[in-house]
Amino acid sequence: MNSEVMNFMNTLKAHNPNEPEFHQAVYEFISSVMPFIEKNPQYRKYKILERMVEPERVIIFRIPWVDDQGEIQVNRGFRVEVNSAIGPFKGGLRLHPSVNLSVLKFLGFEQVYKNALTGLPMGGGKGGSDFDPKGKSDNEVMRFCQSFMLELFRYIGPNTDIPAGDIGFGAREVGYCFGMYKKIMNEFTGVFTGKSTDWGGSFIRPEATGYGSVYFAQEMLKTRSENLDKKICLVSASGNVAQYTVEKLIQLGAKPVTFSDSDGYIYDESGINKEKLDFVMHLKNVCRGRIKEYTEKFRDAIYTPVDKTLDHNPLWNHKADCAFPCATQNEINKKDALNLLQNGVYLVSEGANMPTTPEGVHQFLAAKILYGPGKAANAGGVAVSGLEMSQNSQRLSWERAEVDRRLHQIMQKIHNQCVKYGKEGNFTHYVNGANIAGFVRVANAMIDQGIV
Ligand code: NDP
Ligand code: 2IT
């Protein structure tokens, strides 16, 4: 490890103990950026990195609510407002029992540079709660969301901080939270993105992260004069990002063969087609069921439950060309990365945030495959959120094809920036490219705005 990186990390860890995910995200970022700063010393003079790793504001609060049995429940709510140099704070809300300050600081940190890559005027932040929506009734989710908003409303606003969805926070939760915000403020504003198209949402926002990650994969393949036609693809998860990744892969002639959830995964060697995808969308979005049910309907597919005693995830151990991790952080470890490479995978496009451990990333980079890190590859979601904000400000709504065209163009531009800052001879180091391109935009804005 570069000694400057090591010293920086030691200080960061001493100031922010017990935040392993945040340390991991910062480490990955400064490993790319430190050598760039060595050649561009103005950033050191302004203590840019020291300021970047300190969020502008962190809010932690109580969320009391009453369940269907009349019991009082208490959850913890968070909003981490990391950086507003290039626009109002922008980023999703996550509802999952694993949510804590470390996870949200890592997500908020990554969001800043991802948002910068989109070229749109959005700062970065993240929030959420340790509330688990699984197994809760709609009424329980609504009461939770209303209580969450009774505190969060003070800190957000269409020109201040604009939340959206993430794990466990989809169209239903955006609706309940938006409704409560509107009631408290007596204002109909674009304070959330990911709204229904009936009341201010943008076309293509539900599809955007998955579609964007496939568009990014297309751009990476183009550098080798290849395309996605007939490529066998491993996809993890079966939520929003996974579903629309699979939809776009099918449209482009690829052959996705897996879906998963936190209980296990299905492998369908004959390929997941539109009919099978429609089944999964209904199962997950309407019935809120488990992926195991896929094999009850499509009997040739194989279901494998999660085995916590294994040191790897067998989903990543099938013959394939491409992998699209769409679940959560650190879902691909070193062993998984090696399995992917041994099975012939030479493209990884990360729909999830930080799904690969540093040891796994190291394997991908050493093998010089086409590896698109989440910050770049999954930026399509927040990009269309930015387009939703523009439409809300103008009080108009663009056609579906128009939003998709803009999304496609933004993903191509992100790819170009990664190449510009990450090219090393014939090889594009997309991790360095994404980190440095995002850094430059945010750092320059911070210098322009003085010591604030
Ligand atoms: P959803 O809640 O729609 O889906 C999450 C999926 O991931 C589910 O299949 C879930 O399974 C699985 N999952 C979640 N946590 C775990 C875990 N700890 N172990 C195993 N499986 C898990 O979320 P999204 O699709 O929106 O988000 C997926 C990823 O994409 C996240 O990393 C998110 O940060 C990232 N992302 C999302 C964007 C968006 O616009 N929504 C934008 C950019 C990135 P189960 O139901 O069993 O929990
Ligand atoms: O991680 C992400 O980029 C998101 N969850 C989407 C954020 C947004 O504001 O649309």
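Order of listing sets the numbers, starting from 1, for every ligand and every atom in it. These numbers come from a predicted model, not from an experiment.
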Problem set entry | Shortest protein contact, atom 7 (C) of ligand 2 (heavy atom only) |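 For this ligand atom, the closest protein heavy atom is G92 N, 3.6 Å.
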Exercise. Can you tell me which residue and heavy atom of the protein come closest to atom 9 (O) of ligand 2, and the distance to 0.1 Å?
Worked result: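 Sorting protein heavy atoms by distance from atom 9 (O) of ligand 2 puts K90 NZ, 2.6 Å first.
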Exercise. Which bit of V384 gets closer than 4.0 Å to ligand 2, counting heavy atoms only: side chain, backbone, both or neither?
Worked result: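 No part of V384 is near ligand 2 at this cut-off.
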Do [Y] and [X] meet the salt-bridge criterion of a basic N to acidic O distance under 4.0 Å?
X	Y	value
E151	R154	yes
R94	D166	yes
E219	K222	yes

Exercise. Between S213 and T209, is there a donor-acceptor pair closer than 3.5 Å when you use the side chain of the first and the backbone of the second?
Worked result: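 Not a single qualifying donor-acceptor pair exists.
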Exercise. Is the backbone N or O of W398 less than 3.5 Å from a side-chain atom of Q391, with the two atoms forming a donor-acceptor pair by type?
Worked result: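 Yes; judged by distance alone, with no hydrogens or angles, the pair exists.
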Would you mind listing which atoms of ligand 2 come within a distance below 4.0 Å of any non-hydrogen atom of [X]?
X	answer
R205	6 (C), 8 (C), 10 (O)
S385	8 (C), 9 (O), 10 (O)
K126	1 (O), 2 (C), 4 (C), 5 (N)
A164	8 (C), 9 (O), 10 (O)
K114	1 (O), 2 (C), 3 (O)

For this session: Could you pull out every protein residue that has a heavy atom closer than 4.0 Å to ligand 1, ordered by chain and then number?
Result: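 Lining ligand 1: R94, H96, K114, K134, D166, I167, G168, R205, T209, A237, S238, G239, N240, V241, S260, D261, S262, R290, C326, A327, T328, G351, A352, N353, N378.
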Exercise. With a cut-off of 6.0 Å (strictly less than), are more than 12 heavy atoms of other residues, nucleotides or ligands near CG of D68?
Worked result: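 It does: D68 CG has more than 12 such atoms within range.
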Exercise. Is K334 atom NZ crowded by more than 12 heavy atoms from other residues, nucleotides or ligands, each under 6.0 Å away?
Worked result: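 No, not enclosed.
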Exercise. Does ligand 2 have an atom that lies less than 4.0 angstrom from a heavy atom of G165?
Worked result: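 Heavy atoms of G165 do come under 4.0 Å of ligand 2.
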Exercise. Could an N or O of ligand 2 be found under 3.5 Å from any N or O of N378, whether backbone or side chain?
Worked result: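 Min N/O separation from ligand 2 is not below 3.5 Å for N378.
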Exercise. Which option, D166, T118, I162, L107, owns the non-hydrogen atom nearest atom 5 (N) of ligand 2?
Worked result: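 The residue whose heavy atom sits nearest atom 5 (N) of ligand 2 is D166.
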For this session: Describe, in one word, how the ring planes of Y430 and H415 are oriented to each other, choosing from parallel (under 30°), tilted (30 to 60°) and perpendicular (over 60°).
Result: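 Answer is tilted, since the angle falls between 30° and 60°.
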Problem set entry | NZ or CZ of K375 within 45° of F29 ring axis and under 6.0 Å |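 No, cation not above the ring by the 6.0 Å, 45° rule.
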Problem set entry | Pair listing, side chain to side chain donor-acceptor pair (under 3.5 Å) test, anchored in residues 275-288, at least two apart |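 Applying side chain to side chain donor-acceptor pair (under 3.5 Å) to every pair that reaches into residues 275-288, excluding sequence neighbours, yields Q243-N285, D261-K284, D268-K276, S270-K276, K274-D278.
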